[in-house]
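One structure is given here, and the rest of the page talks about it.
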Number of protein chains: 4
Amino acid sequence: MSKASGASALWGGRFDRRPSPLMERLNASIDFDKRLWRHDLAGSRAHARMLAAAGILTADECAAILAGLDTIAGEIESGTFAFDPALEDVHLNIEQRLTDLVGEPGRRLHTARSRNDQVATDFKLFVRDAIDRADALLRPLQAILIDRAETEAATVMPGFTHLQAAQPVTLGHHLLAYVEMFGRDRERFADARRRLNECPLGAAALAGTGFAIDRHHTAAALGFERPTANSLDSVSDRDFALDYLSAAAIAAVHLSRLAEELVLWSTPQFGFVTIDEAYATGSSIMPQKRNPDAAELLRGKTGRVLGDLQALLVALKGLPLAYSKDMQEDKEPVFDAVDTLELGLEAAHGMIATARFDRPAMARAAGVGFTTATDLADWLVRVLGLPFRTAHGVAGRAVKEAEHRGCGLEELPLEVLQGLEPGVTQEVFEVLGVERSVASRTSLGGTAPARVREAAAAARARFLEAG
Amino acid sequence: MSKASGASALWGGRFDRRPSPLMERLNASIDFDKRLWRHDLAGSRAHARMLAAAGILTADECAAILAGLDTIAGEIESGTFAFDPALEDVHLNIEQRLTDLVGEPGRRLHTARSRNDQVATDFKLFVRDAIDRADALLRPLQAILIDRAETEAATVMPGFTHLQAAQPVTLGHHLLAYVEMFGRDRERFADARRRLNECPLGAAALAGTGFAIDRHHTAAALGFERPTANSLDSVSDRDFALDYLSAAAIAAVHLSRLAEELVLWSTPQFGFVTIDEAYATGSSIMPQKRNPDAAELLRGKTGRVLGDLQALLVALKGLPLAYSKDMQEDKEPVFDAVDTLELGLEAAHGMIATARFDRPAMARAAGVGFTTATDLADWLVRVLGLPFRTAHGVAGRAVKEAEHRGCGLEELPLEVLQGLEPGVTQEVFEVLGVERSVASRTSLGGTAPARVREAAAAARARFLEAG
Amino acid sequence: MSKASGASALWGGRFDRRPSPLMERLNASIDFDKRLWRHDLAGSRAHARMLAAAGILTADECAAILAGLDTIAGEIESGTFAFDPALEDVHLNIEQRLTDLVGEPGRRLHTARSRNDQVATDFKLFVRDAIDRADALLRPLQAILIDRAETEAATVMPGFTHLQAAQPVTLGHHLLAYVEMFGRDRERFADARRRLNECPLGAAALAGTGFAIDRHHTAAALGFERPTANSLDSVSDRDFALDYLSAAAIAAVHLSRLAEELVLWSTPQFGFVTIDEAYATGSSIMPQKRNPDAAELLRGKTGRVLGDLQALLVALKGLPLAYSKDMQEDKEPVFDAVDTLELGLEAAHGMIATARFDRPAMARAAGVGFTTATDLADWLVRVLGLPFRTAHGVAGRAVKEAEHRGCGLEELPLEVLQGLEPGVTQEVFEVLGVERSVASRTSLGGTAPARVREAAAAARARFLEAG
Amino acid sequence: MSKASGASALWGGRFDRRPSPLMERLNASIDFDKRLWRHDLAGSRAHARMLAAAGILTADECAAILAGLDTIAGEIESGTFAFDPALEDVHLNIEQRLTDLVGEPGRRLHTARSRNDQVATDFKLFVRDAIDRADALLRPLQAILIDRAETEAATVMPGFTHLQAAQPVTLGHHLLAYVEMFGRDRERFADARRRLNECPLGAAALAGTGFAIDRHHTAAALGFERPTANSLDSVSDRDFALDYLSAAAIAAVHLSRLAEELVLWSTPQFGFVTIDEAYATGSSIMPQKRNPDAAELLRGKTGRVLGDLQALLVALKGLPLAYSKDMQEDKEPVFDAVDTLELGLEAAHGMIATARFDRPAMARAAGVGFTTATDLADWLVRVLGLPFRTAHGVAGRAVKEAEHRGCGLEELPLEVLQGLEPGVTQEVFEVLGVERSVASRTSLGGTAPARVREAAAAARARFLEAG
């Protein structure tokens with residue numbers, strides 16, 4: 001049975017004919033699953049050592065296999081390994097090469113193992129690495145946001161709701177909101193990691209095996225907390241991929257919100273930020289353009305991560321146990337989401353690290369749109385004892401008057417305010433400035449510069465210094 | 001300002017005109033968010049008590065408010081509360097009624113609070129309850145599966161991969177695979193609960209407040225672990241809803257797999273199970289039909305949960321901070337997913353509890369399709385010392401021979417087997433029976449009845465007795 | 001067999017027991033499918049008349065049935081019809097009531113018909129009506145956009161790419177872009193209508209019938225172009241619902257883009273438009289707010305329409321022929337998308353009809369951001385004969401110089417421009433004004449006011465006067 | 001400005017610095033959009049010829065450009081063209097190479113054109129080709145289904161609803177259901193093609209151009225029916241891609257249903273079909289397996305097409321006009337859907353063409369499950385004049401009796417039937433055989449062999465001979 005006869009050499013005993021070329025094209029996953037080669041080698045090493053420990057392989061056979069796997073690792077790393085589509089996938093490519101290299105021991109490696117548990121194990125190892133990388137990219141993104149938040153703890157800008165100026169806030173406070181989001185993302189990935197961390201190896205095709213294997217041995221060798229509890233579930237389960245994709249989708253939504261703000265803020269109309277040229281591009285026709293392309297791509301790529309999540313959920317819907325070939329559609333969406341998320345996190349970091357904020361422009365904007373009307377209402381409650389709803393109505397009418405006059409709230413004559421509520425005194429003007437407004441919001445988690453500095457320090461301790 | 005003037009009475013100070021009737025239709029959420037009434041009252045009670053403790057309300061004002069809220073609770077429970085669409089949402093309906101009932105103190109309740117933090121709090125409380133209910137439904141579903149798994153620990157059936165008979169397994173083993181899935185679902189919901197459990201109340205509109213509120217007080221009163229750390233994030237965040245929807249989507253996929261199997265197994269062709277009449281329906285034209293409708297609906301409803309998840313992810317994509325009205329689209333997908341999941345979990349429980357398994361049919365099917373070919377290969381490895389790949393080839397050719405003769409593997413003459421591999425002895429026939437095959441798969445998590453009984457006991461301890 | 005025994009009275013001949021209450025809850029579709037009552041009555045009338053024409057019913061039986069159906073129509077319209085969940089769906093509710101009203105002829109109506117073809121017919125009639133309504137709402141939306149485009153044909157504003165000012169355009173031109181989008185939407189719905197318009201009635205359960213029915217008769221009576229060609233496909237097909245949902249999803253994306261622009265343009269920073277108070281709301285805490293809620297909801301509701309499309313695609317994925325109960329999940333996503341789209345189209349119409357555009361603000365913004373740099377490059381090509389790429393480079397350096405000096409392109413000294421390209425003459429300044437720039441873009445479909453007026457007239461003829 | 005300086009050479013006049021390497025990675029689309037090279041060359045040829053016809057290029061310049069483009073075509077085809085990621089995309093790569101080859105005329109090609117209209121044109125040309133290929137693959141799939149339907153016009157099998165045997169049908173009838181589905185798919189693609197077929201070239205960046213171009217000239221040269229009507233819409237519109245993706249998603253759902261049936265029917269339990277070895281694979285561990293992998297992949301890949309559709313809908317949601325970089329996310333989902341659909345259609349064709357149907361197994365199954373109960377009810381209506389509902393009840397009780405006795409309906413003693421309905425005569429047994437049942441369903445579109453032969457002929461005329 002020569003290598004030329006391809007994968008069917010490995011399973012084709014009962015077959016008369018070869019798959020059609022179309023089938024090979026449809027079926028072959030080697031183009032994408034070769035990305036799992038490190039994990040496949042790791043799994044095979046652990047399996048071989050366990051078989052040896054269990055007396056199923058001799059020490060010599062095990063040594064030959066391990067040496068062969070090392071050779072293969074070298075070949076793949078150096079680019080000399082010839083992946084053969086006729087051998088379907090990374091697993092059969094490696095196994096076939098191993099047999100070519102070491103002979104009969106190579107043919108013994110697949111004892112008490114099936115591709116079903118092998119691929120589940122490899123893919124789990126890959127996803128676990130991806131989770132670790134996501135964490136390793138989210139952390140510095142939080143770090144740069146905290147750094148910049150501290151520097152901008154007292155930078156006043158308009159806080160928006162409905163994209164209308166609502167109340168003055170500080171830029172530092174705004175940036176820390178993203179630190180919270182990315183903190184939840186990290187926790188979500190950590191939960192996914194913990195839930196994933198059971199080893200399917202040894203489930204074999206679906207039923208377990210009669211060989212006296214030691215599943216705790218392989219689980220420990222591969223860094224899993226324990227073996228999976230049910231062999232059918234072990235080969236049917238792709239929850240770990242869904243967990244990754246869910247977490248990635250939510251993180252992508254967070255990135256899309258940040259990106260939207262960078263796009264908005266860098267318009268001439270807002271003018272709050274200048275995206276560094278390193279993250280912008282020009283136009284082939286309009287010489288003046290500096291487009292926030294990186295931010296737009298960050299936002300646009302949300303679609304593909306959501307699509308990836310949907311793709312796998314749909315593929316798994318209604319599949320009977322145990323393994324069905326539909327499940328081969330698990331890897332590409334995950335690979336795509338991994339690449340997209342990682343690139344997006346790096347780009348977000350780069351943009352935030354290099355963004356130039358225009359403090360005067362932000363400060364000017366903070367006062368536009370009667371953003372201290374709530375402060376007026378609160379003053380009426382606090383000082384005059386009006387019920388909030390009544391105070392809200394008075395402040396609303398003050399806004400209408402100021403709008404009518406084309407002035408700011410702080411520019412209304414006292415008499416006008418007294419016409420709306422007789423108790424108003426000169427003192428009210430103290431709360432109508434944006435700096436004062438911001439400074440007053442001292443509730444826990446509020447926007448007052450002092451609170452922002454505390455929050456930045458707390459975030460640093462919670463997210464960057466722990467663990 | 002009369003009640004008749006609607007919600008704009010509560011925010012319309014600067015407005016000249018009323019919203020268009022179309023706008024009221026578009027904007028009003030009262031039709032669905034009245035479902036939050038219990039949570040809104042709970043939030044208002046906690047807020048009022050905290051305001052009183054902080055000296056912002058007097059004790060009398062607080063008492064009046066609490067009494068008014070109790071009255072409202074009674075009215076809603078008894079169905080006498082008149083929800084008014086012109087008052088937009090459940091929050092303004094309740095606040096307006098409170099003011100009608102208790103006068104000025106009612107107008108003071110909204111001090112240091114905004115609808116933005118109020119709705120975030122209410123909705124978190126709702127989702128937290130929904131998580132608790134999901135757990136409370138998943139647990140008995142696991143329990144019935146474990147019960148039945150124990151009873152069927154030695155019931156032999158075909159294990160399928162690619163929906164082709166693969167190896168004999170036990171029904172108990174198969175059922176326990178679902179116990180694992182639902183166990184991960186419970187863990188996923190538990191993670192979501194932990195991540196959700198920070199209180200947004202006190203974030204006010206987005207910036208925090210200048211009133212000297214005590215956010216730890218309200219957080220504790222409402223059963224949250226701590227207040228949220230950033231007020232902008234507090235009102236912009238809907239991660240908790242996405243976490244619920246992700247977990248529900250994955251659970252729905254699990255249910256769809258179970259449902260698919262019930263549909264398949266109850267065909268005359270499979271005949272493994274009879275769905276109880278309580279979960280089946282007939283046909284308006286075909287008198288003989290007994291359709292597994294409950295299972296089909298379980299499978300079909302996966303689509304809507306996936307659609308719900310998608311809907312909220314899309315709604316949040318690209319939203320700038322802090323609150324945008326788009327976020328009002330958060331509730332209906334969650335409500336729909338909650339109702340769908342809960343109904344589905346109950347239906348799954350009912351179907352499993354009442355399903356009648358046909359053991360003889362399963363046993364017959366277990367032997368069809370040369371399901372012990374792997375046992376033959378393993379015997380060649382274990383007894384004759386052949387490398388697995390070589391043994392696999394021999395077994396494949398034996399299958400081809402049996403298929404050609406139209407007999408089972410165990411019915412092949414010894415000479416035929418010896419023609420394929422001279423070392424084969426009579427002893428080989430011992431491993432070709434399905435009972436023996438099943439009994440041999442004793443690896444951890446494997447399908448041997450003894451293992452299944454152990455696994456059922458372990459699952460009982462892990463999932464039902466803990467916590 | 002009394003009414004009290006519910007739906008199972010109509011199909012339960014072989015059943016011993018009633019469905020579980022849970023099953024009734026899971027199975028009952030009456031809560032939503034009663035919306036199909038008009039279509040169900042129409043289908044039954046056509047079926048009864050055809051049965052009579054074919055001699056399967058007597059004239060008297062047919063007359064009794066038609067009278068009974070009229071009575072039922074009256075009862076439902078007046079709200080006196082008691083829908084009974086135990087009778088599952090609108091079809092069985094009506095059939096049972098008919099039998100109560102007219103006796104035996106009512107029991108003859110279901111001859112040569114099944115719920116499978118009945119529901120397919122009813123639902124197609126509903127979707128066909130929804131398509132007609134979508135068209136009837138898209139048309140006036142186009143009309144108001146064309147009206148306003150004509151009025152604003154010469155209103156200069158910045159054209160954006162990447163949300164950066166790109167080139168000056170006219171507001172009329174911008175509004176006409178949406179007329180094109182909604183024109184494609186109308187065409188898409190029209191295509192869906194044409195494809196839908198085959199009558200499934202007479203397919204019976206799945207196999208056709210042995211009764212000598214005349215399917216052309218019912219098809220014509222119900223306004224279908226022809227009967228469907230294959231009875232299995234007739235009851236399995238929900239393409240028409242997917243076609244509606246696809247068209248609705250694309251239309252929703254169009255609306256979301258319009259909504260995004262209204263949100264942006266109504267910020268103080270842009271200030272291009274004021275949304276009428278009829279489509280805005282205020283804040284419960286911030287008295288000055290006027291939020292573009294209708295636009296935000298339009299944008300946010302895109303998610304649910306995308307989710308509806310996904311829900312049905314997922315429900316249908318992998319369903320074997322012919323009818324499966326999963327397909328009962330077809331109606332709610334369609335109903336939700338219909339309601340959402342119709343409300344959205346009305347809201348878009350209302351907002352556009354009442355929006356107040358701020359021409360001076362737009363004109364000012366049109367000149368910000370060196371938006372005539374392309375005009376400069378084009379002048380260098382046209383007048384000096386430079387290759388475009390060379391001219392683009394010169395104009396880019398002019399922008400850099402102007403940015404450095406903090407002035408507009410038109411404010412650069414001639415010598416500076418000559419320093420970049422010696423051939424530049426005073427004449428160049430003529431093309432650097434935004435009015436001149438806009439007027440020059442006279443290519444077909446371009447933004448020059450004359451072109452916009454022509455385009456508006458053409459759109460009126462194409463979209464409003466035809467058909 | 002050397003080639004080494006990359007894309008920014010083409011737009012970087014105002015920039016001081018190069019993009020970051022990360023940005024190049026994020027921004028570069030050359031890895032995937034080089035697939036558009038043929039369409040880009042076609043667009044450039046048409047543009048150059050039009051510019052020459054309009055006197056904007058000289059004849060010599062045009063000739064040089066065309067010669068250069070031919071050279072580039074040759075280079076790309078022969079694999080010697082060096083795509084440079086620093087040049088971002090296929091458009092700039094080709095333009096830069098053209099300038100290298102022909103000098104100044106190359107720098108003039110981009111006159112009156114922007115990448116925005118260029119990419120819209122190229123991508124429309126690509127999608128138009130993809131639509132044509134989809135049609136060219138759907139047609140032979142219909143052809144083979146019609147061929148096999150004719151051969152199997154009288155092959156009796158069980159017709160299923162709810163996957164329960166419902167009524168006997170013919171295999172030919174079942175196969176023709178798919179002919180209808182794929183016929184609608186072809187029509188859907190044809191509609192998309194018609195709607196797509198307007199040429200955006202000449203819209204320039206967004207505003208049109210002042211050069212005296214002739215858009216009808218380029219539109220005609222590229223096979224479009226007319227130029228687009230609005231330049232802003234021209235560069236903002238991706239409806240054509242959404243139309244393709246919607247049609248592909250629905251077609252994928254059809255394929256998933258066919259695939260599900262092939263998977264089911266090839267189980268030992270059903271045994272209706274044997275998938276040819278060319279479309280099946282074996283197992284690495286279980287020597288006897290022959291898995292219907294091609295069918296499973298067809299079903300599983302539905303997820304990715306649905307994900308692709310979702311990805312682009314999400315990317316476009318809420319994008320302001322005109323072009324945003326998010327829209328660069330349009331190509332990969334379309335490319336993926338194109339490849340997936342085309343492979344799937346080929347695989348479906350191959351599987352159907354080579355499938356071996358087991359007529360005896362189907363015939364046996366057709367009689368299982370009391371599938372002629374409807375025939376019994378219909379006989380009671382037709383011969384005894386019972387109302388259908390009454391007849392349905394009698395037949396239901398007959399089924400219960402037969403089930404109780406463990407016999408078929410046709411095996412019930414006459415007395416038993418007479419006990420249920422006294423009028424029953426011996427003649428009833430004639431309608432209880434499956435052959436007779438099938439032959440009786442002669443309504444238009446019904447399953448009677450004669451009808452199926454007519455329907456196959458009609459389908460051949462409608463779908464294969466037209467056009």
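Labels below follow one simple rule: chain letters A, B, ... track the order of the sequence lines, proteins then strands, and each chain is numbered from 1.
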Exercise. Based on non-hydrogen pairs under 4.5 Å, which of Leu163(A), Asp375(A), Leu409(A), Thr372(A) is most in contact with chain C?
Worked result: Leu163(A)
Exercise. Relative to chain C, which segment of Thr161(A) carries a heavy atom at a distance below 4.5 Å: side chain, backbone, both, or neither?
Worked result: both
For this session: State, yes or no, whether a side-chain contact exists between Gln269(C) and Phe160(A) at a heavy-atom distance under 4.5 Å.
Result: yes
Problem set entry | Option in Gly369(C), Ala391(C), Ala166(C) with maximal non-hydrogen atom pairs under 4.5 Å from chain A | Ala166(C)
Problem set entry | Residues from residues 309-319 of chain A approaching chain C under 4.5 Å (heavy atoms) | Gln310(A), Val314(A), Ala315(A), Lys317(A)
For this session: Specify which of Ala402(C), Gly271(C), Ala295(C), Pro292(C) makes the most heavy-atom pairs with chain A at under 4.5 Å.
Result: Pro292(C)
Exercise. Is it the backbone or the side chain of Gln164(C) that comes under 4.5 Å from a heavy atom of chain A, or both, or neither?
Worked result: both
For this session: Using a heavy-atom cutoff of under 4.5 Å, enumerate the residues of residues 252-268 of chain A that contact chain C, numbered in order, or state 'none'.
Result: Glu260(A), Val263(A), Leu264(A), Ser266(A), Thr267(A), Pro268(A)
